[in-house]
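Structure record follows, encoded as structure tokens.
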Amino acid sequence: MSSEHTLTEQTITAIGDTTPKSGQDFIRAHILEDNASGRFGGRVHTRFPPEPNGYLHLGHAKSICLNFGVAREFNGQCNLRFDDTNPTKEETEYVESIREDVRWLGGDWEDRECYASNYFEQLYAYAEQLIQMGKAYVDDLSADQIREYRGTLTQAGRESPWRNRSVEENLDLFRRMRAGEFADGEKVLRAKIDMASPNVVMRDPTLYRIRHAEHHRTGATWCIYPMYDYTHCLSDSIEGITHSLCTLEFVNNRELYDWVLNTLGVYHPQQIEFARLNVTYTVLSKRKLIQLVREGHVSGWDDPRMPTLSGMRRRGIPPEALREFCNRIGLARADSTVEYAMLEFCVREWLNDHTPRLMAVLDPIKVVIENYPEDHVESFTMPCHPEDSSFGSRTVPFSRELYIERDDFRLDPPKKYHRLSPGAEVRLRYAYFITCREAVLDAAGRVCELRCTYDPASRGGQSPDGRKVKGTIHWVSAAQAIPAEVRLYDQLFAVENPNEAPEGKTFLDNLNPHSLTVVHGMLEPALGNLKTGERVQFERLGYFCKDRDSTETHPVFNRTVTLRDTWAKLEKKEV
RNA sequence: UGGGAUGUAGCCAAGUGGUAAGGCAACGGGUUUUGGCUCCGUCAUUCGAAGGUUCGAACCCUUCCAUCCCAGCCA
């Protein structure tokens, strides 16, 4: 294919290259105010802090675009920080996938790849400091007892009998916890705050728990691990973060975030919460995604139906489209669910401008051009993009036997159907006008072959007599066609909100049984030269991406998204 | 029932006392060798509800209603 657009571009473009459409959101407004007041000396430093216990998904994309985007817009920096404080759930496989996904989306953390586990020693020192201040104590209560003592949402909690141990005793006990003298669950370190606080988070939250477990980075160095609330604020502080952006469910935790930092008297970033992303027809919870993978409802984390970044990448969704999506959905504090159609729009918008057009027939019917010479093959030169000549052109063979799409022929055409039917004339794209003379049926009454004639004067697709033809259909020359496996994807879930399941059912009952259809189609020869990951439009069908399952003799394509189909809508309405 | 957060169109979302941006979806039309793209047009007398303040309220006050989050030694 002669073209300036080699589509395996996998180009790493940066977040923030596309500027947001409308005015700024409340977070950017907040940062502007802080800059104006000189609060952080005009500095902007954010962080994207995933826990390496699963793959990144669309929801993370919003956070990545926000954090890296804001940093770039304000000439600041954004750290990639692994929030790895729970050794029993985290794995190296996940940190690797996260790195790859963030980079793919365009996040650049330069040399600032951080790990909460890098701060364990510092965090420990701060904990001893809290103990010295009488602000933390070692509790011998069991997990169950702690829960009981915590009270309820409407009732204050009770103080632990171990709450008033001396500083010396706490220090000794905490050191022995670190030394491994106690079993898992035997003791914890708690902050001494207020068991009667209306905010349950403040009722003497656990700071450290004992876990005799191998950590993916620190190995067996530690057997006590800090909790999220304690770790996150201090990590932000240590890294000099200015604005700690997180989702709404952490609003309650902000009080504790502030308490730890204030009590220790250390550098204090500002936590700001925004609404997490929900999208129709999909689930964006790590727990549910991991379940889909573990129970084999999908082929893996990168199954093209998954809303994971790796799944969407494999499906052919370009990172630019994801970024545009994140720009368009806006940012606010109200719970919201964005329609999947919004994502599709962004995907089509980018693909339309950046993708060459070629022809493929996914459900072939053979067409024999009766008045076309046997054994003759001619070739057509066709542009690869109707509006952008920089995509170049390719040559396409034409011969007496072709394939066209089954859906482009009707024995009994409905009104307004302007494709092929007995006696009707259509244009074969960039080739000739053909007229259907006869439909050959097999024993089962199914159309198996079309006998047609062509008008030699219509070469190129125009007739010299000015005769108009309403339909233009795509085709592939049979002898030169390349067979291919094509995977047609639909929504993974059949309902708008998969989380809403009736009594006794789960989100799994909402899975769409037709989310994957595998067909065997015929490709025009030029399609044989694509590289894995390359994106292309199959004319009139949609955008496709060559899958890594392809072999030399067996190409495999994933359908990224269909084209808008006004006819399908019309036909459905007429029925 | 305690605390916190949030309600602007089918879905997102601007608007912050001067008379409801924009996008997606939908619908109608032009154009078209992709029923694609593109272009033009339509789409909130009303901002969760009810009162109040004001010359004037989506914006301020009061009450009410609805939804979401919090009782992990998860993050």
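Chain naming here is simple, since letters A, B, ... match the order of the sequence lines and numbering starts at 1 in each. The shown structure was predicted, so the numbers you read here are calculated from the model rather than taken from an experiment.
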Go through [options] for me and flag the one nearest to the [X] side chain.
{"X": "Arg209(A)", "options": "rG36(B), rA71(B), rC74(B)", "result": "rC74(B)"}
{"X": "Arg429(A)", "options": "rU34(B), rC70(B), rC24(B)", "result": "rU34(B)"}
{"X": "Asn86(A)", "options": "rA75(B), rA25(B), rG2(B)", "result": "rA75(B)"}
{"X": "Arg328(A)", "options": "rC70(B), rA75(B), rC24(B)", "result": "rC24(B)"}
{"X": "Arg419(A)", "options": "rG35(B), rA25(B), rC74(B)", "result": "rG35(B)"}
{"X": "Lys416(A)", "options": "rG35(B), rC69(B), rC24(B)", "result": "rG35(B)"}
{"X": "Glu539(A)", "options": "rU34(B), rC24(B), rC74(B)", "result": "rU34(B)"}
{"X": "Ala332(A)", "options": "rA14(B), rC37(B), rA75(B)", "result": "rA14(B)"}
{"X": "Leu570(A)", "options": "rC73(B), rG72(B), rG35(B)", "result": "rG35(B)"}

Residue list, side-chain contact (heavy atoms from CB on, under 4.5 Å) with [X], at least two apart or on another chain:
{"X": "Arg175(A)", "result": "Tyr124(A), Glu128(A), Leu171(A)"}
{"X": "Thr92(A)", "result": "Glu96(A), His216(A)"}
{"X": "Met227(A)", "result": "Thr206(A), Arg209(A)"}
{"X": "Val200(A)", "result": "Arg150(A), Leu153(A), Arg203(A)"}

Please classify the nucleic acid contact of [X] as base, sugar-phosphate, or nothing, using heavy-atom distances under 4.0 Å.
{"X": "Leu189(A)", "result": "nothing"}
{"X": "Tyr430(A)", "result": "base"}
{"X": "Gln537(A)", "result": "base"}
{"X": "Thr152(A)", "result": "base"}
{"X": "Pro50(A)", "result": "nothing"}
{"X": "His418(A)", "result": "base"}
{"X": "Phe250(A)", "result": "base"}
{"X": "Gln462(A)", "result": "base"}
{"X": "Glu51(A)", "result": "sugar-phosphate"}
{"X": "Tyr417(A)", "result": "base"}
{"X": "Ser142(A)", "result": "base"}

- Run the salt-bridge test on Arg28(A) and Glu33(A) with the 4.0 Å N-O cut-off and return the result as yes or no. no

Does Lys415(A) pair with Glu571(A) as a salt bridge, N-O distance under 4.0 Å? no

Quick one: list whatever passes salt bridge (charged side-chain N to carboxylate O under 4.0 Å, His left out) with [X], sequence neighbours left out.
{"X": "Asp194(A)", "value": "none"}
{"X": "Arg217(A)", "value": "none"}
{"X": "Glu51(A)", "value": "none"}
{"X": "Asp455(A)", "value": "Arg467(A)"}

Could you check how far [atom1] of [X] sits from [atom2] of [N], rounded to whole Å?
{"X": "Leu362(A)", "N": "rU34(B)", "atom1": "CG", "atom2": "C1'", "result": "14 Å"}
{"X": "Tyr208(A)", "N": "rG72(B)", "atom1": "OH", "atom2": "P", "result": "22 Å"}
{"X": "Leu256(A)", "N": "rG4(B)", "atom1": "CG", "atom2": "C1'", "result": "15 Å"}
{"X": "Glu249(A)", "N": "rG4(B)", "atom1": "CD", "atom2": "P", "result": "18 Å"}
{"X": "Leu541(A)", "N": "rG35(B)", "atom1": "CG", "atom2": "P", "result": "10 Å"}
{"X": "Arg540(A)", "N": "rG35(B)", "atom1": "CZ", "atom2": "P", "result": "5 Å"}

Discussion item. Taking only the P atom of each, what is the distance from rA58(B) to rU53(B) in whole angstrom?
Written reply: 16 Å

Can you tell me, in whole Å, how much space there is between the P of rU46(B) and that of rA57(B)? 14 Å

Rounding to 0.5 Å, atoms OH (Tyr257(A)) and SG (Cys233(A)) come to a distance of 6.5 Å

Please determine if a side-chain N or O atom of Arg203(A) lies less than 4.0 Å away from the OP1 or OP2 oxygen of rC70(B). no

Base-paired stretches in RNA chain B with three or more consecutive Watson-Crick or G-U pairs, both distances under 3.5 Å, amount to B:2-7 with B:65-70, B:10-12 with B:22-24, B:26-30 with B:38-42, B:48-52 with B:60-64

Contacts of Leu428(A) and Leu153(A) projected onto RNA chain B by closest heavy atom; the upstream (5') one is Leu153(A)

By nearest-nucleotide position on RNA chain B, the 5'-leaning member of Ala431(A) and Val188(A) is Ala431(A)

Short side-chain to backbone donor-acceptor contact, Arg419(A) and Phe409(A), under 3.5 Å: no

| field | Step-by-step side chain to side chain contact (heavy atoms under 4.5 Å, CB included) determination, Lys135(A) to Ile193(A) | value | CA-CA 7 Å; Lys135(A) 297 292 189 181; Ile193(A) 307 181; over 6 Å; no

Would you tabulate the nitrogen or oxygen pairs shorter than 3.5 Å linking the protein to nucleotides 26-29 of chain B?
residue : atom : partner   : partner atom : Å
rA26(B) : OP1  : Lys569(A) : NZ           : 3.0

Sorted by chain and number, sequence neighbours left out, side chain to side chain donor-acceptor pair (under 3.5 Å) with Asn118(A) holds for none

**Pi stacking test for Tyr228(A) and rA75(B): under 5.5 Å apart, planes under 30°** = no

_Could you check whether Phe538(A) and Tyr543(A) have their ring centres less than 6.0 Å apart?_
no

Heavy-atom contacts, protein to nucleotides 5-11 of chain B, under 4.0 Å, summarised as B (base), S (sugar-phosphate only) or - (none) per nt, yield SS---BS

